[in-house]
Amino acid sequence: MPPIKTRFAPSPTGLIHLGNARTALLSALGGDVFVLRIEDTDLERSRAEFVAELIDDLRWLGLDWQEGPRSAEPDPRWYQSQRGEIYANYYQLLEEKNLAYPCFCTPLELEVSRRTQLSSGRPPRYSGRCAHLSAEEIQRKRDEGLAATLRFRVPKDRVVEFEDEVRGPQHFAGEDIGDFIIRRADGSPAFFFCNAIDDALMGITRVLRGEDHLANTPRQLMILAALDLPTPRYAHISLIVGDDGAPLSKRNGSRSIKQLREEGYFPEAVVNMLARLGHHYDSEELLGLTALRAGFDIRRLGRSPARFDVSHLDHWQSLAVRGANDDALWHWLHTETRAMVPAAHRADFLDIVRSNCLFPKQADAWARILFTDELELTADIAAVAQSAGEAFYLAAIDAATESPDDFAAFLTGLKRRSGAKGKHLFLPLRAALTGCLDGPELAKIYQILDKPRLHRRLAEFTYESE
RNA sequence: UGGGAGGUCGUCUAACGGUAGGACGGCGGACUCUGGAUCCGCUGGUGGAGGUUCGAGUCCUCCCCUCCCAGCCA
């Protein structure tokens, strides 16, 4: 079997979000050769900085491409904005075959037409007003200085059929499709056109993309057929949706990869979550890219949309944090956090992080509690601490003095002196020492906490104030 | 409105036409001492109505709901 060539073809008009990232990931997993192409045809919205961000994001996720740009430096091999000459040839071919025609309708006219059709219960389609202008009319409009778009003349009598690798056999009737724009009035190529052309020219054999493109596919197949170019197999994957059931977007909770990275998510967590949305893996472990690739099977891709659920992401994050080695975890922490942790307690602290933290921010909070005097108790927490009474803390101080290095002995001493046990023993202690009602094992905290600091915190409750 | 795709526990995901299972969450228990640790358990679902069948999540019909395309966005 020849190698499968897939691609990811983002438009650099914003940051990569979860939905995009999943398309990129599945494309990378689903191809033997993976290509990155930059579709920067929208001159208004495309920005070089987004190309740089996107490359960073993909790299961070661990994706690699065998063909494609390594930098935001425009390159005619992969930047559509640099491929005008290539497209020009194909426009000319289409015009020569009378399969495309100039359209002088203005955006306003088109908008009005669309609304009129829609409000009268008809599907909005291009009217075909410019479909049959004579050469003279076209020339006259050009002489008047009118700018024209180029429209593809859809063969109305044709039925386009193809086999979608995810959704099975498809067929669309040409009569349901209006003539569409393949070149904007400013000369820039439109998506339907250059996207399909480049897939053909770059030898892409499998186009894996969101199902929002499914109904666009017949248009692209028509273009390719008209130009006698090879067609890829298409695989339209279901979209990730938000809580409202609508495709993920900024407004229903989608976050950019950059944002997730900044929050401290591990790429493994993001990748596992994304790969498992709409795809079943036998293993429930955190898998590396190699294992994800080995287990990937396009036939196992689900056809229904999957909802993004943060609790799933956080589950994978939890596994990633637990699985991280000391070095990786240490550098995952904020610089300020690292500065607080004494070298002697580094390993213990990292263990605490593994079982108690999902994000560096939380680790930072624990570092402050354990290694600084910034402890602040809320009224609720202070009340829990105070509920044990002054005698409890006097007993605790004695017990701690007696067994400074042995938590079990300290506990025994404290129980004997105060008579407290279970919740009534641990909760006040935890509250007084950490300012929290939950967290790492008290044994570890007792071990790590500087003795003078420990005594100070216990002493806080030896004078019950008014 | 036309065309297209989809609908299994709250969420993700399994089930040659043959016991609807797993994971996450939630809840509960255990850990002769805390819990956000750990271990264990429980909860809960085939959108609806018919039909075919010994047997239907799966096949057929009708209905309902959701999403996508119908952009000089991609």
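Everything numeric here is computed off the predicted structure, so don't read it as measured data. Within every chain, numbering begins at 1; the chains are lettered A, B, ... in the order of the sequence lines, protein sequences first and strands thereafter.
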In the 5'-to-3' direction, what one-character label does each nucleotide of nucleotides 7-24 of chain B receive under the scheme B = base within less than 4.0 Å of a protein heavy atom, S = sugar-phosphate only, - = no such atom?
S---BSSS-------SSB
Letter per nucleotide, 5' to 3', of nucleotides 68-74 of chain B [B base touched, S only sugar-phosphate touched, - untouched; heavy atoms, 4.0 Å]:
SSBSBSB
Summary of protein contacts for nucleotides 34-44 of chain B, nucleotide by nucleotide, where a base hit scores B, a sugar-phosphate-only hit scores S (4.0 Å, heavy atoms):
BBBSS------
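The same atom, C1', is picked in B:rC68 and in B:rA74; the two are 13 Å apart, to the nearest Å. The separation of B:rU1 from B:rU53, taken at their P atoms, amounts to 37 Å, rounded to a whole angstrom. Across the C1' atoms, B:rA23 and B:rG44 are found 14 Å apart, a figure rounded to whole Å. If you take atom C1' in B:rU8 and the same atom in B:rG57, they sit 6 Å apart, rounded to whole Å. B:rC42 and B:rG3: their P atoms are spaced 49 Å apart (whole Å). Nucleotides B:rG22 and B:rG45 have their C1' atoms positioned 14 Å apart, rounded to a whole Å. Taking atom P on both B:rC9 and B:rU46, the two are 7 Å apart, rounded to the nearest angstrom. Annotation: B:rG50 and B:rC67 have their C1' atoms spaced 27 Å apart (nearest Å).
Checked against the 6.0 Å centroid criterion, the rings of A:F296 and A:Y281 do not qualify as a close aromatic pair.
When atom types are taken as modelled, the side chain of A:E163 and the backbone of A:G168 share no donor-acceptor pair closer than 3.5 angstrom. Side-chain N or O atoms of A:Y446 include none that pairs as donor or acceptor with a backbone N or O of A:A408 at under 3.5 Å. Between the A:S46 side chain and the A:L43 main chain, no donor and acceptor come within less than 3.5 Å of each other.
Put simply, the residue from A:F180, A:Y91, A:Y90 that forms a ring-ring contact (aromatic ring centres under 6.0 Å, His included) with A:F193 is A:Y91.
Within the model, atoms CG of A:L286 and CG of A:N272 stand 4.5 Å from one another, a figure rounded to the nearest 0.5 Å.
Every residue was checked against the side-chain hydrogen bond (donor to acceptor under 3.5 Å, both in side chains) condition with A:K141, not counting sequence neighbours, and none meets it. Contacts of A:S311 classified as side-chain hydrogen bond (donor to acceptor under 3.5 Å, both in side chains), with partners at least two apart in sequence or in another chain: A:D309.
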Would A:W332 and A:F266 count as a ring-ring contact (aromatic ring centres under 6.0 Å, His included) if you check the C-alpha gap in whole Å, the side-chain angles of each, and the deciding distance to 0.1 Å?
CA-CA 9 Å; A:W332 173 74; A:F266 277 93; 5.3 Å; yes
Please test A:S113 against A:E109 for side chain to side chain donor-acceptor pair (under 3.5 Å), starting from the C-alpha separation and ending with a verdict.
CA-CA 6 Å; A:S113 164; A:E109 288 170 334; over 6 Å; no
List the steps and the verdict of side-chain contact (heavy atoms from CB on, under 4.5 Å) for A:I181 and A:F191.
CA-CA 9 Å; A:I181 290 173; A:F191 166 79; over 6 Å; no
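Here A:Q117 lies out of heavy-atom contact (under 4.0 Å) with every strand.
A salt bridge does not link A:R83 to A:D75: none of the charged nitrogens lies less than 4.0 Å from a carboxylate oxygen.
Defined by atom type and a distance below 3.5 Å, a donor-acceptor pair is present between the side-chain atoms of A:T217 and A:R209.
Stacking of A:R151 on the aromatic ring of A:Y126 is recorded, both the 6.0 Å distance cut-off and the 45° axial limit being met.
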Which dot-bracket string describes RNA chain B (Watson-Crick N1-N3 plus N6-O4 or O6-N4, or G-U N1-O2 and O6-N3, all under 3.5 Å; [ ] crossing; | other strand)?
(((((((..((((....[..)))).(((((.......)))))....(((((..]....))))))))))))....
